[in-house]
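Below, chain A is the first sequence line, B the second, and so on; all start at residue 1. Values in this document were obtained by computation on a predicted structure and should not be read as measured data.
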Amino acid sequence: MTDTSKNENGCPVHDWATDYDVMDEGYTRNPAPIWAELRQKCPVAHTTRWGGSWMPTRYADIQEMANMVPTLSSRAISVIPPDPVLREELIAELKAYGTESPPITSDPPEHSPYKRLILPFFSPRAVAGYAAMTEEICRGLLDELKDRDTADAAVEYAQQIPPRVIAYILGIDMGRAAEFTQWTQELLELGQTDPELRRAARTKIRTFFFDQIEHRKQNPGHDVISLLLDAEVEGRRLSDHTVAGICNLLLVAGIDTTWSSIGSALYHFATHPEDRKRLVAEPDLLPVAVEEVLRYYSPVTMARKVTAEVCMHGAEMKPGDKLLMTFPAANRDPEVFERPDEFVIDRQQNRHIAFGTGIHRCAGSNLARMELLVGLRLWFERFPDFSLAGEEGVTWAGGQVRGPRNVPVRLSA
Amino acid sequence: MRIRVNPNLCQGHNRCFSLAPELFEVDEFGLATALNDGRVPAGMEEKAQLCIDNCPEFAISEIED
């Protein structure tokens with residue numbers, strides 16, 4: 001069904017219903033035809049690759065599963081399980097502190113107080129306060145490109161925005177943005193198939209935040225880390241471990257994901273001149289167009305751990321099994337979206353669940369949306385006639401966060 | 001036209017607020033309510049419908065006036 005050059009054990013996929021591979025290069029490049037076939041043939045697919053998991057592809061099923069808490073638990077949100085060493089570390093930490101990176105790794109009743117703790121940092125009002133700083137970051141990046149004919153829109157623009165924005169919000173050094181991006185990529189992307197890298201990245205991030213916490217204790221400020229140190233959940237201060245876990249979440253969750261979306265948008269408009277021209281002519285269409293970018297190029301797939309037997313469409317999920325929350329597949333379901341595999345820039349009916357659904361819906365969606373709106377608006381003002389400089393230079397990352405990692409463009413016509 | 005956000009379904013995605021801040025308000029947790037007791041000002045009906053059609057939790061609906 002697709003060419004397979006880099007699979008687990010180098011063994012190509014013959015049957016996606018019983019043996020899918022989330023790291024397959026062909027799947028990463030173009031997953032939609034595989035989802036379309038599975039939705040018809042086997043709506044909850046299975047694999048034993050990468051530790052084993054189940055993959056639903058229908059919108060209604062994924063909506064239902066997202067609301068099956070805590071039967072489908074968030075205590076394990078990576079598709080690929082940790083290696084034995086990291087597993088032991090995580091178990092020991094859970095025993096000592098009771099929680100890892102709340103609220104994303106929490107089930108009810110632990111989930112809600114932590115979610116309520118972080119949501120105000122990302123409310124529409126709070127996010128509006130970050131827009132001017134985001135504009136300044138984007139203008140600075142665009143200024144760097146002003147005398148150039150070509151650029152890598154993913155590396156030199158999309159990738160640069162989110163780590164700086166989240167660094168500003170957390171009150172950490174924006175100058176280290178490249179490091180934050182590297183840690184995130186090692187943890188979420190490269191580390192998924194390289195256990196040592198994953199463990200090392202986790203340690204780097206935690207160590208960094210433990211240092212930041214010590215610093216804030218001596219010099220409290222108005223940044224999110226200081227506010228977390230001052231906060232209480234159910235009448236109790238948070239442990240340093242929990243603050244570091246939340247900071248880890250806030251740092252990595254907003255980097256890979258938003259960068260992927262901004263990059264996907266630039267890739268799309270670089271390859272679809274009619275959509276690009278329409279957006280230049282009708283800038284007010286941008287908020288609706290951004291939602292279509294989020295639907296069509298949804299970056300994030302989360303995972304859940306099954307804690308009680310669940311049967312759906314003949315799939316018998318057992319306690320301990322992993323389940324993918326394939327939000328990107330839900331967003332291509334023809335039962336919910338007309339012409340699902342077409343990018344419709346002014347799509348009116350668009351109940352996409354790119355940010356998830358139910359209690360674990362993304363806490364940072366307002367921030368991501370603002371970064372997309374600001375980043376695209378300023379890019380279009382500066383380079384309204386940009387175009388792709390060769391499809392062969394485009395690369396995609398997959399696994400749990402899908403997006404283009406290289407998008408070579410010509411900056412003007 | 002009159003609309004309502006079902007508080008039991010709203011999960012605070014803020015899709016409605018981002019598309020039509022004239023029609024909704026959201027609290028610091030993102031939970032939305034329709035402004036003006038849900039009465040949509042004349043000329044805003046299309047935007048209201050857009051919000052209904054974009055809620056991922058199916059939380060917004062048109063109600064009898």
Would you mind writing out the side-chain donor-acceptor pairs for residues 24-34 of chain B within the sub-3.5 Å range, not counting sequence neighbours?
unit_1	atom_1	unit_2	atom_2	d
B/Asp27	OD1	B/Phe29	N	2.8
B/Asp27	OD1	B/Gly30	N	3.0
B/Asp27	OD1	B/Leu31	N	2.9

Largest heavy-atom contact set with chain A, pairs under 4.5 Å, which of B/Gln49, B/Gln11, B/Glu46 = B/Gln11
Exercise: identify the closest heavy-atom pair between A/Gly358 and B/Glu57 = N-OE2, 2.9 Å
Measure across B/Pro56 and A/Thr357 and return the closest heavy-atom pair with its distance rounded to 0.1 Å.
-> O-OG1, 4.2 Å
Below 4.5 Å from any heavy atom of chain B, which atoms of A/Ile359 appear? Answer side chain, backbone, both or neither.
-> both
With a 4.5 angstrom heavy-atom cut-off, could you sort out which part of A/Ser365 is near chain B: side chain, backbone, both or neither?
-> side chain
Output the residues of residues 337-351 of chain A for which the shortest heavy-atom distance to chain B is under 4.5 Å, in residue-number order; output 'none' if no such residue exists.
-> A/Gln348, A/Gln349, A/Asn350, A/Arg351
Please list, in residue-number order, every residue in residues 110-131 of chain A that has a heavy atom less than 4.5 Å from any heavy atom of chain B; write 'none' if there are none.
-> A/Arg116, A/Leu119, A/Pro120, A/Ser123, A/Pro124
Is it true that a side-chain atom of B/Arg15 and a backbone atom of A/His352 form a donor plus acceptor pair closer than 3.5 Å?
-> yes
With A/Ser298, which residues qualify under side chain to side chain donor-acceptor pair (under 3.5 Å), at least two apart?
-> A/Asn331
Output the distance between atom SG (B/Cys10) and atom CZ (A/Arg361), rounded to the nearest 0.5 Å.
-> 8.0 Å
A/Glu335, CD: over 12 other non-hydrogen atoms inside 6.0 angstrom = no
